[in-house]
Chemist: 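Next up is a structure, given as structure tokens.
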2 protein chains.
Amino acid sequence: MTDQNLRDMLQTRGLKATFQRITILDYLMTHETHPTADMIHLDLKEISLATIYNTLEKLVDVGLVIVIDTQKDDKRHYDYYGEPHYHIINNNTNEIIDADNFDVAPLFEAARQASGLNITGFHIEIYGVDPDEAK
Amino acid sequence: MTDQNLRDMLQTRGLKATFQRITILDYLMTHETHPTADMIHLDLKEISLATIYNTLEKLVDVGLVIVIDTQKDDKRHYDYYGEPHYHIINNNTNEIIDADNFDVAPLFEAARQASGLNITGFHIEIYGVDPDEAK
DNA sequence: TAACTAAATTAGAATAATTCTAAAAGAGGA
DNA sequence: TCCTCTTTTAGAATTATTCTAATTTAGTTA
């Protein structure tokens, strides 16, 4: 992903292409670690923590990034959301796995029927344990 | 739900049946409001906020209650989880709707295949907007 | 290319949800 | 009823996140 590609991703969504936004978006696209704001700040020390939070909020607003609440700690985790997907959380290791082998269309239709709303998005977290481990 | 029923629900899950736990569990079972700890405390002033948090944590641990992160505020919302269900969040009103018209078995199987884990639970939030409202 | 302006960035302070502490009260078994 | 371990509690502490107000910058216009 070139710098120009990243600029385009931001600008087509109405966001100014600042150094900080380009850097943070690139960071999220190239890391599978589902980092917290603080973890990003540790790696990108030249960007202030306030800007990390501001930028993440903007990226979430335009749909490039989503927030994951793992329920394992009190921090928000962030994930590049180029393609819609769901998360599998290993309760033994707290690892977050991305997966997309599931068609959400039937779930969307069920939600539309239940609520009458126009469905705009989803967050799915599936929890599991290692088969070896005693539960 | 009688007091004795509530006691049994707690004791069969290894929790002592204290007045506070019975009261909070009953509160969650009889309110569809998906309250925060603070909202519960406003209604149950005789129970300290620390105990509200402690009790909710225990109830979540034993699976009677789940946490919903609406992403609309910075507070955790709690929901009695007698029957597994998913949530539909209205982005216009921030209302949380319970729904269970969807079979999660195929999703569990997909998650098992993707991760190799034994699946133990799920959290699903579907976001939508009123059809009338301009998006 | 220089000037302009609204938006973005920043350091540090402020906020507030949640957790911690340690002392008092209570549940359930003997 | 007694005993022991668990639970409850008030208030302090923690800390993730937000706010503030001054500075800088991106993108546009001349």
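Here is how names work: the chains are called A, B, and so on, in the same order as the sequence lines, proteins then strands, and each is numbered from 1. It should be emphasised that the depicted structure is a prediction, and the values quoted were computed from it without experimental measurement.
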Chemist: Quick one, which residues of residues 25-33 of chain A touch DNA chain C with a heavy atom under 4.0 Å?
Modeler: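 Going residue by residue through residues 25-33 of chain A, none turns out to have a heavy atom under 4.0 Å of DNA chain C.
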Chemist: What is the per-nucleotide protein-contact pattern of nucleotides 5-10 of chain C, from the 5' end, where B denotes a base atom under 4.0 Å from a protein heavy atom, S denotes such proximity for sugar-phosphate atoms only, and - denotes neither?
Modeler: --SSSB
Chemist: With a 3.5 Å cut-off and sequence neighbours excluded, list the donor-acceptor pairs that the side chains of residues 55-67 of chain B form with protein atoms.
Modeler:
from    : atom 1 : to      : atom 2 : distance (Å)
B/Thr55 : OG1    : B/Thr51 : O      : 2.8

Chemist: Just report the end-to-end axis angle for the helix from C/dT1-D/dA30 to C/dA30-D/dT1, five pairs per end, to 10 degrees.
Modeler: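 Its terminal axes enclose an angle near 40°.
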Chemist: What are the 5'-most and 3'-most nucleotides of DNA chain D lying under 4.0 Å from any heavy atom of chain A?
Modeler: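 Reading along DNA chain D, I get D/dA16 to D/dG27.
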Chemist: Name every donor-acceptor pair, under 3.5 Å, that has one atom in a side chain of residues 9-21 of chain B and the other anywhere in the protein, sequence neighbours excluded.
Modeler:
from    : atom 1 : to      : atom 2 : distance (Å)
B/Thr12 : OG1    : B/Asp8  : O      : 3.0
B/Thr12 : OG1    : B/Met9  : O      : 3.3
B/Arg13 : NH1    : B/Met9  : O      : 2.9
B/Thr18 : OG1    : B/Arg21 : N      : 3.2
B/Arg21 : NH1    : B/Lys16 : O      : 3.2

Chemist: Taking only residues two or more places apart in sequence or in another chain, which ones pass side chain to side chain contact (heavy atoms under 4.5 Å, CB included) with A/Asp43?
Modeler: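 For A/Asp43, the residues satisfying side chain to side chain contact (heavy atoms under 4.5 Å, CB included) (neighbours in sequence not counted) are A/Tyr27.
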Chemist: What residues form a ring-ring contact (aromatic ring centres under 6.0 Å, His included) with B/Phe122, not counting sequence neighbours?
Modeler: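 Partners of B/Phe122 by the ring-ring contact (aromatic ring centres under 6.0 Å, His included) criterion, ordered by chain and then number, come out as B/Phe108.
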Chemist: Going by side-chain hydrogen bond (donor to acceptor under 3.5 Å, both in side chains), name the residues that satisfy it together with A/Asn101, two or more places apart in sequence or in a different chain.
Modeler: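 Counting only residues at least two positions away or on another chain, A/Asn101 forms a side-chain hydrogen bond (donor to acceptor under 3.5 Å, both in side chains) with A/Tyr86.
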Chemist: Which other residues end up in the same hydrophobic cluster as A/Leu42, if Ile, Leu, Val, Met, Phe, Trp and Tyr are linked when side-chain heavy atoms come under 4.5 Å apart?
Modeler: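 None; A/Leu42 is a cluster of one.
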Chemist: Listing request: all ring pair (Phe, Tyr, Trp, His ring centres under 6.0 Å) pairs with a residue in residues 60-84 of chain B, at least two apart in sequence or in separate chains.
Modeler: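 Sorted pair list: B/Tyr81-B/His85.
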Chemist: If the condition is salt bridge (charged side-chain N to carboxylate O under 4.0 Å, His left out), which residues does B/Glu32 pass it with, not counting sequence neighbours?
Modeler: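 Partners of B/Glu32 by the salt bridge (charged side-chain N to carboxylate O under 4.0 Å, His left out) criterion come out as none, since no residue qualifies.
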Chemist: Do B/Thr23 and B/Asp26 have side-chain atoms, one donor and one acceptor, less than 3.5 Å apart?
Modeler: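 Result is no, nothing qualifies.
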